[in-house]
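A short write-up of the structure that comes next.
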Amino acid sequence: MGHKYRSNDSLAELISDDFRLLQVMSRFGIALGFGDKTVNEVCRENGVDTDTFLAVCNFISQGLKPSFEEYLSLHVEGLLTYLRNSHTFFLDFELPAIRRKFVNAVDCSTQNEIGFLILKFFDDYVAEIKRHQEYEAEHFFQYVDGLMHGRRPADVCLQHFEDDHTHQNDDQMIARKLSDLKNIIIRYSPSSANKEELNEALLNLFEFEKDMESHTLLEDTVFIPVVSMLESQVDVNDEESEPENKKSDKDPLSQREKEIIMGVVKGQTNKEIADSLFIATHTVLTHRRNIARKLDIHTPAGLVIYAIVNGIVKVDEIRDLPIN
Ligand SMILES: [Fe+2]
Ligand SMILES: [Fe+2]
């Protein structure tokens, strides 16, 4: 552990090194039984992009964000498949399996108040997860599907989704529900419960929690920036749009705006950018709003990629991708 996985590594060794990669592999649609083949060989045989697969492995297992060169080579399609399969796995397989274990371990009929309550909390929690994932599938994944086929409706943008996903209390509410559920089980489980079965259900719930956390993190720090880059390459399909709304081929940014972007890219706060340029913080904010409007790029990660592609900064000047 602690090293980066590469395309010439044997996939079997990767899995032995970190068993969580079994899930990653299966969500990319790769089945077991690949002998001594390397990651690259197995990926090629399964029609999976090797770089994208490795980026997810290194992120899930080692917490490593892709480098900039890697970022630019990630396949949106592969990531989308991975996320969709994760949703299916959570809702159709993992959560129902945990529920079955609870029902087997504890009497959940109305006569047993605690058992009944545990199951009710559990079902509430699952309903919340389901709502979140359905929203994602309908509003976000479909939009990304459209982008991949050159469709970009004028009335939607990634920003809508990103705000919902990152800043809404959704994740917090889901996490609170789960923590209530775990607490009730830990503190108040009836003594009549089948211990082994109940422990295992709880253990699975903890594992599920970790799995969900890294899923959300992958969406926020890998998927959204990659989609944001794709979005900036697709023109809005709006027949009614005025010609002056169209992005011009000429460099639309002023020198000051480029300086602001450099600050953002270096991970500086608005205040730090303001201080280094001897301007007020609210002026920085105005510039940032103008930049977002002109470029139609709304995230720092998107700006970083824009800055690299347009030669405002060099790849090796940056180490980390700012995410907020
Ligand atoms: Fe998701
Ligand atoms: Fe999500």
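Just so you know, these numbers use all the heavy atoms, side chains as well, and skip hydrogens, waters and symmetry mates.
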Side-chain (Glu231) to main-chain (Leu158) donor-acceptor, under 3.5 angstrom: yes

Residues Arg99 and Asp123 bridged, charged N to O under 4.0 Å: yes

Main-chain N/O of Ile273 paired to Ser276 side chain as donor or acceptor, under 3.5 Å: yes

Which heavy atom of Tyr71 sits nearest to which heavy atom of Val222, and what is that distance? OH-CA, 3.6 Å

Identify the heavy atoms of Leu303 and Ile297 that sit nearest to each other, and give their distance. N-CG2, 3.6 Å

Report yes or no: do Tyr5 and Asp18 form a side-chain donor-acceptor pair below 3.5 Å? no

Determine the interplanar angle of the His87 and His215 rings, folded into 0 to 90°, and report it as parallel if under 30°, tilted if 30 to 60°, perpendicular if over 60°. tilted

Measuring only between side-chain heavy atoms, which start at C-beta, is Leu32 closer than 4.5 Å to Leu22? yes

Would you kindly confirm whether Leu64 and Val304 end up in one hydrophobic cluster when ILVMFWY residues are joined by side chain heavy atoms under 4.5 Å apart? no

Salt bridge (Lys or Arg N to Asp or Glu O under 4.0 Å) filter on Lys210, not counting sequence neighbours, yields Glu213

With a 4.5 Å cut-off on side-chain heavy atoms, are Phe223 and Leu218 touching? no

Taking every heavy atom of Thr52 against every heavy atom of Phe28, the minimum-distance pair comes out as O-CZ, 4.1 Å

Which atoms form the tightest heavy-atom contact between Tyr82 and Ile60, and what is the distance? OH-CD1, 3.9 Å

Any side-chain to backbone donor/acceptor pair from Glu13 onto Ser10? Under 3.5 Å, distance only. no

Run through Glu200, Glu197, Glu196 and flag the one making a salt bridge (Lys or Arg N to Asp or Glu O under 4.0 Å) with Lys101. Glu200

Taking 4.0 angstrom as the limit, do Glu45 and Lys37 come out as a salt bridge? yes

Co-membership, hydrophobic cluster, residues Ile291 and Met262, 4.5 Å side-chain: yes

Least distance between heavy atoms, Arg6 atom then Leu54 atom: C-CD1, 3.7 Å

Please round to the nearest 0.5 Å and tell me the distance separating atom CG of Leu95 and atom OH of Tyr125. 7.0 Å

Could you walk me through whether Gln62 and Lys4 pass side chain to side chain contact (heavy atoms under 4.5 Å, CB included), step by step? CA-CA 7 Å; Gln62 318 287 337; Lys4 202 166 181 175; over 6 Å; no

Which distance, rounded to the nearest 0.5 Å, do you find between the CD1 of Ile185 and the CG of Leu205? 5.5 Å

Which heavy-atom pair separates Asn46 from Gly29 by the least distance, and what is that distance? OD1-O, 3.8 Å

Within one Ile-Leu-Val-Met-Phe-Trp-Tyr cluster: Leu178 and Ile114, side-chain cutoff 4.5 Å: yes

Any luck finding a side-chain donor-acceptor pair between Glu128 and His132 under 3.5 Å? no

Out of curiosity, His287 NE2 to Thr283 OG1, how far, rounded to the nearest 0.5 Å? 6.5 Å

Let me check something: do Phe206 and Val126 share a hydrophobic cluster, defined by ILVMFWY side-chain heavy atoms less than 4.5 Å apart, either directly or through other members? yes

Checking Asp211 now: which residues fulfil salt bridge (Lys or Arg N to Asp or Glu O under 4.0 Å) with it, not counting sequence neighbours? Arg27

Verify the cluster assignment for Val103 and Leu202: are they in a single hydrophobic cluster under the rule of side-chain heavy atoms below 4.5 Å apart? no

Would you say the side chain of Glu70 lies within less than 4.5 Å of the side chain of Asn58, judging by non-hydrogen atoms? no

Would you please test His75 and Leu79 for side chain to side chain contact (heavy atoms under 4.5 Å, CB included) and show each step? CA-CA 6 Å; His75 283 202; Leu79 291 172; over 6 Å; no

Show your reasoning for whether ring pair (Phe, Tyr, Trp, His ring centres under 6.0 Å) applies to Phe102 and Phe121. CA-CA 12 Å; Phe102 275 125; Phe121 261 96; over 10 Å; no

Salt-bridge present (Lys120, Asp124; N to O < 4.0 Å): yes

What's the spacing between Leu277 CG and Gln268 CD if we round to 0.5 Å? 8.0 Å

